[in-house]
Amino acid sequence: MKITILAVGKIKEVFYRQAVQEFSKRLGRYCKLEILEVPDEKTPDGASEASERQILEKEGERLLKHVKEDAWLCALAIEGKMLDSVSFSEKIEKLGVSGVSHIQFVIGGSLGLSDRVLKRADFRISFSEMTFPHQLMRVILLEQIYRAYRIMMKEPYHK
């Protein structure tokens, strides 16, 4: 299985980069992992709704350029479906069994994801009703993918 993380913006903090590297290394046993970053747009303080929509559209266009036709696309969105770790693992496993060979996860920038990206998504997942920094979400997503593979393989992992 190939898994691609499409994300807006670069990770600036060293500790987040180290966590991403660690989970990327661990996931190498289970899947082919690719992380693609697209540039983020600067959002001025007090930006108008129209300005924010424009920013979302620009970031969305950049993301959509990397979405593969044959990939199953999962958008991380606060209004998405919440799954526990076992259900998330089962979802990935069922996709693989049904012939999906490429899963792409998309993480928006500070304003989220554009409507076009959300409409293209095959599934929307939410990790919480809380808002997390998009850089931290990359780490959380990678950890959950790693946990999902450990569950699939019936390998121990802390609870």
With T4 as reference, evaluate K68, E34, H66, K32 under the side-chain hydrogen bond (donor to acceptor under 3.5 Å, both in side chains) test and give the passing residue.
-> E34
Please report the interatomic distance [atom1]([X]) to [atom2]([Y]), rounded to the nearest 0.5 Å.
X	Y	atom1	atom2	result
I107	F127	CD1	CZ	8.0 Å
I125	L83	CD1	CG	4.5 Å
E79	S126	CD	OG	8.0 Å
Q104	D70	CD	CG	8.5 Å
S51	L56	OG	CG	10.0 Å
I103	I5	CD1	CD1	10.0 Å

Salt bridge between R124 and D122, side-chain N to carboxylate O under 4.0 Å?
-> no
In terms of side-chain geometry, is the basic nitrogen of E22 or R26 positioned less than 4.0 Å from the acidic oxygen of its partner?
-> yes
Is there a donor-acceptor contact under 3.5 Å linking the side chains of S85 and Q144?
-> yes
Counting distance only, does the side-chain N/O of E59 pair as donor-acceptor with the main-chain N or O of E41 below 3.5 Å?
-> yes
Are L36 and V8 connected, step by step, through hydrophobic side chains (Ile, Leu, Val, Met, Phe, Trp, Tyr) whose heavy atoms are closer than 4.5 Å?
-> yes
Within one Ile-Leu-Val-Met-Phe-Trp-Tyr cluster: I35 and L113, side-chain cutoff 4.5 Å = no
Beyond-backbone contact of [X] with [Y], side-chain heavy atoms, under 4.5 angstrom:
X	Y	answer
R120	V117	no
I3	L27	no
P44	I55	yes
V67	L63	no
L33	I145	no

What ring pair (Phe, Tyr, Trp, His ring centres under 6.0 Å) pairs are there with at least one residue in residues 25-45, not counting sequence neighbours?
-> Y30-Y149
Please set out all donor-acceptor pairs under 3.5 angstrom arising from side-chain atoms of residues 10-17, sequence neighbours excluded.
from: K10; atom 1: NZ; to: E37; atom 2: OE1; distance (Å): 3.3
from: R17; atom 1: NH1; to: I11; atom 2: O; distance (Å): 3.3
from: R17; atom 1: NH1; to: K12; atom 2: O; distance (Å): 2.8

